[in-house]
Amino acid sequence: MRESDILATDRQIGFIQDTSRLIKESESKTGRRLTASVITFGCQMNARDSEKLAGILVSSGFELLDETEDADFVLYNTCTVRDNANQKLYGHLGEAHSRKKKNPSMMVAVCGCLPQEPTAFEKLKSSYSFVDLIFGTHNLYAFPEYLNRLLSGERHIYEITDHSDNIVEDLPVLRKYPFKSGVNIMFGCNNFCTYCIVPHVRGRERSRESRDIIKEVERLSSTGVKEVMLLGQNVNSYGNGIDGEISFPELLKRVCDVPGIERVRFMTSHPKDLSDELIKTIKNDEKICRHLHLPLQSGSTKVLKEMNRRYTKEQYLDLALRIKDEIPDIALTTDIMVGFPGETAEDVDDTIDVINKVQYDNAFTFIYSKRAGTPAAVRPDQVPEDLVRENFDRVLKCVQENAKKQSLRWQGLTMDALVEEKNDSLEGYVTGRLSNNMIVHFAGSDSLIGKIVSVKLDECRGFYYMGTLL
Ligand code: 5AD
Ligand code: SF4
């Protein structure tokens, strides 16, 4: 960590201490503790950010609630990758506004990717002026300071910057699961796919130093974490821009070597940067989970070029089939987009051809969503909605047929599962996650939660298994 980052961290810790004093004062006046709730939208990065936000809230003295209903402070950690994420937030804000009318002392905050987009930020300020605090992805580390200002009576705190000066380490974190955790290895993205708003709202790619990452994994392990997921928009370019930094495969090996760590996952890999060294590393280290998420987006070389993905259909197929060949027990998943400007039915045939050849274990399928400020949004050849729908249904059907077939291939086998939670719908059952990221439900007691156990996969029911504990 740089000297300036250490100073920035110390300053924020000072704010946490001061807010804690303010909250105690409020508690002695009112006879009850202030409560808070964090609502998260979007990807694993946001989920991890929310653990940090929750950690700061709890260290500052708030009681954390699962529901927003009665919370004195509600924080929405937002996503803006597609327009439906924006609409979801506006729906939630409408409900928050009604609650705030009944309880004017309630505080509402919005952070994350959405306010980082200028049009959305203006809309929040003008149409949702009851929101007390708005801050962007680059300002997350200063949340203790904003909270302190809010509790000192300030309102309409708007803090959005377009880049990060600091990578602040060592602020408190409240993990959702005691036995597994995400670990950010890099922030931002430099790829500028022409449809994607992420580089605009998360900024340029910045890797954390490997020493800091390993230190964090060691600390996590010492508090009972067995599984870590290394997080970045494009993990395969880890280390670019830091002189003498190790490569992503080397980082993976070092994380696997941390005592107590039994499983390592990572997300997301850009196909253009996936090296042979990475394939070898996954193959040779049993601790690296047998799951690779390899976003395809489109199977048409023409569309891929216009998306600025920097690989062709053939290059992608060659890579995916090579991975399956080298590591036969790996589960491959992907992201697919339908309706990119100019996409024809023949382009979608190419996408379906790739799905059938790769035989994904699962795929997230999205309808293209126009994002302001991206090159694709201003193209005149946007695809008519009815054609997009028709193509989307064809892709979805193909994805589902393949996934069904693929998931059956593990039936009857015995695999290790990390038990994650009690099964809410089946009394006496728990739910575990396999190395290949599939879910298995089996009879077992809550005391198994957090343990890695051997389970026989008796019956595949689509996207999950029913199993027996051995
Ligand atoms: N419209 C639809 N889907 C998108 N994604 C990213 N940007 C858009 C967009 N504008 C999808 C991509 C990416 C995933 C995280 O979200 O498939 O891999
Ligand atoms: Fe968006 Fe492309 Fe970066 Fe992924 S790699 S975050 S799709 S720009």
Side-chain angles (χ1 to χ4, degrees), residues 40-49 78-88 112-114 116-117 119-120 137 184-207 229 231-238 240 248 266-274 292-300 303-311 316 319-320 332-343 347-348 351 354-355 360 362-379 382-383 385 388-389 391-392 395-396 399:
T40 311
F41 302 91
C43 64
Q44 255 111 355
M45 295 269 194
N46 262 20
R48 179 65 179 156
D49 284 350
T78 64
C79 168
T80 186
V81 74
R82 285 170 291 277
D83 189 54
N84 52 9
N86 291 40
Q87 297 315 320
K88 239 199 250 160
C113 290
L114 182 134
Q116 202 72 45
E117 198 276 299
T119 326
T137 50
N184 298 105
I185 64 165
M186 59 207 297
F187 303 94
C189 179
N190 280 355
N191 287 319
F192 288 96
C193 300
T194 55
Y195 51 80
C196 187
I197 202 160
V198 170
H200 305 269
V201 295
R202 289 245 170 207
R204 293 303 76 73
E205 192 178 286
R206 286 152 291 135
S207 293
M229 181 182 276
L231 298 170
Q233 299 295 347
N234 180 14
V235 291
N236 295 313
S237 64
Y238 172 79
N240 288 356
F248 179 60
F266 56 89
M267 184 87 113
T268 292
S269 283
H270 195 303
K272 78 175 165 61
D273 297 315
L274 199 143
L292 185 68
H293 187 66
L294 195 62
L296 167 68
Q297 312 303 358
S298 166
S300 151
V303 174
L304 287 168
K305 187 156 194 297
E306 290 171 4
M307 288 176 163
N308 191 32
R309 292 291 292 176
R310 287 174 274 178
Y311 51 83
Y316 183 96
L319 175 67
L332 272 188
T333 59
T334 197
D335 290 341
I336 293 169
M337 192 185 305
V338 179
F340 183 81
E343 185 182 61
D347 293 320
V348 178
T351 301
V354 176
I355 301 169
Y360 293 105
N362 204 354
F364 298 100
T365 43
F366 305 110
I367 287 184
Y368 165 74
S369 170
K370 226 177 178 182
R371 307 317 287 134
T374 61
V378 291
R379 281 181 54 156
Q382 303 290 324
V383 185
E385 218 172 283
V388 175
R389 198 71 245 176
N391 285 333
F392 182 81
V395 169
L396 189 64
V399 161

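Every number for a ligand or one of its atoms is a count from 1 in the order of the listing. Note that these values count all heavy atoms, side chains included, but never hydrogens, waters or copies made by symmetry.
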Checking side-chain polar atoms at under 3.5 Å, does N236 have a donor or acceptor matched by the opposite partner on K272?
no

Atoms of ligand 2 close to R309 [distance to a heavy atom under 4.0 angstrom, numbered from 1]
2 (Fe), 7 (S)

Apply side chain to side chain contact (heavy atoms under 4.5 Å, CB included) to the pair C79 and L114, showing each step before the final yes or no.
CA-CA 6 Å; C79 168; L114 182 134; over 6 Å; no

Is it true that some N/O/S atom of C193, main chain or side chain, lies under 2.8 Å from atom 1 (Fe) of ligand 2?
no

I need the atoms of ligand 2 closer than 4.0 Å to a non-hydrogen atom of N191, numbered in the order shown.
5 (S)

Under 3.5 Å: N/O of Y368 near N/O of ligand 1
no

Would you find a donor on one side and an acceptor on the other, under 3.5 Å apart, between the side chain of N308 and the backbone of N191?
yes

Can you sort out which atoms of ligand 2 are near H270, meaning under 4.0 Å from one of its heavy atoms?
5 (S)

If only side-chain N and O atoms count, and only distance matters, is there a donor-acceptor pair under 3.5 Å linking R371 with N86?
yes

Is the count of non-hydrogen atoms from other residues, nucleotides or ligands lying under 6.0 Å from K88 atom NZ greater than 12?
no

In this structure, are over 12 heavy atoms from other groups packed under 6.0 Å from Q87 atom CD?
yes

For atom 7 (N) of ligand 1, which protein heavy atom lies nearest, and how many Å away is it?
Y195 CD1, 3.4 Å

Look at atom 15 (C) of ligand 1 and say which protein heavy atom is nearest, naming residue and atom and giving the distance to 0.1 Å.
D335 OD2, 3.7 Å

For P199, the ligand 2 atoms whose distance to one of its heavy atoms is below 4.0 Å
8 (S)

Counting backbone and side chain alike, does C189 bring an N/O/S atom below 2.8 Å of atom 2 (Fe) of ligand 2?
no

Looking at atom 1 (N) of ligand 1, what's its closest protein heavy atom, distance included?
S369 N, 2.9 Å

Using modelled atom types only, decide if a donor and an acceptor are shared between the side chain of D273 and the backbone of S237 within a distance under 3.5 Å.
no

Would you say CZ of F364 has more than 12 non-hydrogen atoms from neighbouring residues, nucleotides or ligands within 6.0 angstrom?
no

Aromatic ring pairing Y316/Y360, orientation class (parallel under 30°, perpendicular over 60°, tilted between):
tilted

Which of the ligand 2 atoms, numbered from 1, are nearer than 4.0 Å to a heavy atom of F192
8 (S)

Is ligand 2 under 4.0 Å from a heavy atom in the side chain of P295, in the backbone, in both, or in neither?
neither

Those atoms of ligand 1 less than 4.0 Å from some heavy atom in F366:
3 (N), 11 (C), 14 (C), 16 (O), 17 (O)

shortest atom 6 (C) of ligand 1-to-protein heavy-atom contact is with V81 CG2, 3.4 Å

Which of the atoms in ligand 1, numbered in the order shown and given with their element, are less than 4.0 Å from a heavy-atom of Q297?
12 (C), 13 (C), 17 (O), 18 (O)

At a 4.0 Å threshold, what atoms of ligand 2 neighbour a non-hydrogen atom of Y195?
7 (S)

Does ligand 2 have any atom that is closer than 4.0 Å to a heavy atom of R202?
no

Measure from atom 1 (Fe) of ligand 2 to the protein's non-hydrogen atoms and state whether any distance is below 4.0 Å.
yes

Could you walk me through whether F366 and V338 pass the side chain to side chain contact (heavy atoms under 4.5 Å, CB included) check?
CA-CA 6 Å; F366 305 110; V338 179; over 6 Å; no

So, R202 and D49, do they make that salt bridge, N to O below 4.0 Å?
yes

Ligand 2 to Q233, heavy atom cutoff 4.0 Å, flagged ligand atoms 6 (S)

Applying side chain to side chain contact (heavy atoms under 4.5 Å, CB included), run through I185 and F266 and close with a yes or a no.
CA-CA 10 Å; I185 64 165; F266 56 89; over 6 Å; no

Geometry only, no angles: is R371 polar-contacting ligand 1 at N/O separations under 3.5 Å?
no

Is the shortest distance from a heavy atom of I367 to ligand 1 less than 4.0 Å?
yes

Could you walk me through whether T119 and E117 satisfy the side-chain hydrogen bond (donor to acceptor under 3.5 Å, both in side chains) test, starting with their C-alpha distance in whole Å, then the side-chain angles of each, then the deciding distance to 0.1 Å, before giving a yes or no?
CA-CA 6 Å; T119 326; E117 198 276 299; 3.0 Å; yes

Closest to atom 11 (C) of ligand 1 among protein heavy atoms sits R82 NH1, 3.2 Å

